[in-house]
S.K.: 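Got a structure for you, questions after.
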Amino acid sequence: GSGAAAGPAALRRAWPDNHGMTRPSPLPEDLAQAPFIDLPALVAAHARARPQAEALVCGTLRLYWAAFDARAEQVAASLQREGLVPRQSVAICATTGIGYVVAFVGALRAGAAVAPLATSATPAQLAAMAQDAGARFVYIDEAVAAQHVPWPGGCRVLRVGPLEGQ
């Protein structure tokens, strides 16, 4: 390959039609032609263009673009109410799933630098990684909560919640 990044049109052509996956609907023309759009803005644009289309699927759970955008906005607003300022670090240590993606996009929308932490790390390693990242907040799920991680002082622990009935 040429090493150049693939544009939206090339990505649409390259999407596999097998493995039981469905082809995503085409991007609105204004998004397909944009030279750059950040992830939170892309989510918002898709929510406006196709609010009832599936955005995220994980097992039997489905989250539609409008709901995804609204939940990401809730995460962002919550972080800002708690005092997060742009460029502060938010760590996420949770099983990959819809809640993780919502927390990730919401933190980006709030202006945070996101530090993904590996759930396979030991509690001491997780605490050290959060401290190294300067995380002011850390999102965790039930599995990580059960590890009783000694999070650094000043690091507020928030839960990545399950999504039901989407």
Side-chain angles (χ1 to χ4, degrees), residues 1-16 19 21-59 61-119 126 129-130 132-141 144 155-164 166:
S2 67
L11 292 174
R12 283 195 303 270
R13 285 191 304 273
W15 187 268
H19 307 294
M21 300 177 75
T22 58
R23 180 181 293 275
S25 55
L27 291 172
E29 205 51 41
D30 58 328
L31 292 179
Q33 300 304 318
F36 176 81
I37 185 169
D38 64 41
L39 183 58
L42 185 62
V43 169
H46 276 282
R48 287 188 304 276
R50 58 176 65 82
Q52 298 306 313
E54 289 179 344
L56 301 170
V57 177
C58 185
L61 295 177
R62 285 165 169 42
L63 192 62
Y64 301 94
W65 283 107
F68 179 19
D69 186 56
R71 287 178 185 255
E73 184 60 33
Q74 290 170 348
V75 168
S78 174
L79 287 167
Q80 289 168 342
R81 273 193 309 276
E82 294 293 329
L84 180 81
V85 296
R87 297 191 203 120
Q88 283 183 323
S89 178
V90 172
I92 303 176
C93 188
T95 305
T96 303
I98 291 175
Y100 183 104
V101 176
V102 168
F104 194 100
V105 172
L108 289 176
R109 185 171 286 174
V114 179
L117 307 181
T119 56
L126 290 172
M129 287 188 282
D132 286 348
R136 172 117 192 267
F137 299 90
V138 61
Y139 276 94
I140 64 171
D141 62 10
V144 175
C155 186
R156 174 117 190 258
V157 177
L158 306 168
R159 290 291 181 96
V160 171
L163 301 176
E164 298 172 1
Q166 301 305 312

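Residue numbers run from 1 in the order of the sequence given.
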S.K.: With rounding to the nearest 0.5 Å, note down the distance linking CZ in Arg50 to CH2 in Trp65.
M.R.: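 Reported value, rounded in 0.5 Å steps: 7.5 Å.
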S.K.: Minimum heavy-atom separation for Gly59 to Arg62, with atom names?
M.R.: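 Shortest heavy-atom contact: O-NH1, 3.6 Å.
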S.K.: Which atoms form the tightest heavy-atom contact between Cys155 and Ala135, and what is the distance?
M.R.: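 Scanning both residues completely, I find the closest heavy atoms to be SG-O, 3.6 Å.
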S.K.: Not counting sequence neighbours, which residues clear salt bridge (Lys or Arg N to Asp or Glu O under 4.0 Å) with Arg156? List them please.
M.R.: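 So Arg156 forms a salt bridge (Lys or Arg N to Asp or Glu O under 4.0 Å) with Glu82.
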S.K.: With Val90, which residues qualify under side-chain contact (heavy atoms from CB on, under 4.5 Å), at least two apart?
M.R.: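 Partners of Val90 under the side-chain contact (heavy atoms from CB on, under 4.5 Å) test: Leu79, Leu84, Ala107, Ala112, Phe137, Tyr139.
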S.K.: Can you sort out the partners of Val85 under side-chain contact (heavy atoms from CB on, under 4.5 Å), two or more places apart, ordered by chain and number?
M.R.: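 By the side-chain contact (heavy atoms from CB on, under 4.5 Å) rule, Val85 matches Gln88.
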S.K.: At their closest point, which heavy atom of Ser89 faces which heavy atom of Ala115, and how far apart are they?
M.R.: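 In terms of heavy atoms, the two residues are closest at OG-CB, 4.0 Å.
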S.K.: Looking at every non-hydrogen atom in both residues, tell me the closest pair between Ala41 and Asp38 and how far apart they are.
M.R.: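 For Ala41 and Asp38, the tightest heavy-atom pair comes out as N-OD1, 2.8 Å.
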S.K.: With side chain to side chain contact (heavy atoms under 4.5 Å, CB included) as the test, would you mind laying out the steps for Val144 and Leu117 before giving the verdict?
M.R.: CA-CA 11 Å; Val144 175; Leu117 307 181; over 6 Å; no
S.K.: Are any non-hydrogen side-chain atoms of Pro116 and Ile92 less than 4.5 angstrom apart?
M.R.: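 Not touching, per the 4.5 Å side-chain cut-off.
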S.K.: For residues 132-141, which residue pairs qualify under salt bridge (Lys or Arg N to Asp or Glu O under 4.0 Å), counting only residues two or more places apart or in two chains?
M.R.: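 Checked against salt bridge (Lys or Arg N to Asp or Glu O under 4.0 Å) - neighbours excluded - no pair reaches residues 132-141.
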S.K.: Taking side-chain contact (heavy atoms from CB on, under 4.5 Å) as the definition, give me every residue that meets it alongside Arg81, ordered by chain and number, with sequence neighbours left out.
M.R.: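 Counting only residues at least two positions away or on another chain, Arg81 forms a side-chain contact (heavy atoms from CB on, under 4.5 Å) with Ala77, Ser78.
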S.K.: Any idea which heavy atoms bring Cys58 and Ile98 closest together, and the distance?
M.R.: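 Nearest heavy atoms, Cys58 then Ile98: CB-CG1, 3.9 Å.
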S.K.: Do Leu63 and Val101 come within less than 4.5 Å of each other through their side chains, counting heavy atoms only?
M.R.: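 No; the side chains remain at least 4.5 Å from each other.
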S.K.: Can you list every pair that meets side-chain hydrogen bond (donor to acceptor under 3.5 Å, both in side chains) and has a residue in residues 96-118, with sequence neighbours left out?
M.R.: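 Qualifying pairs, neighbours excluded: Asp69-Arg109, Glu73-Arg109.
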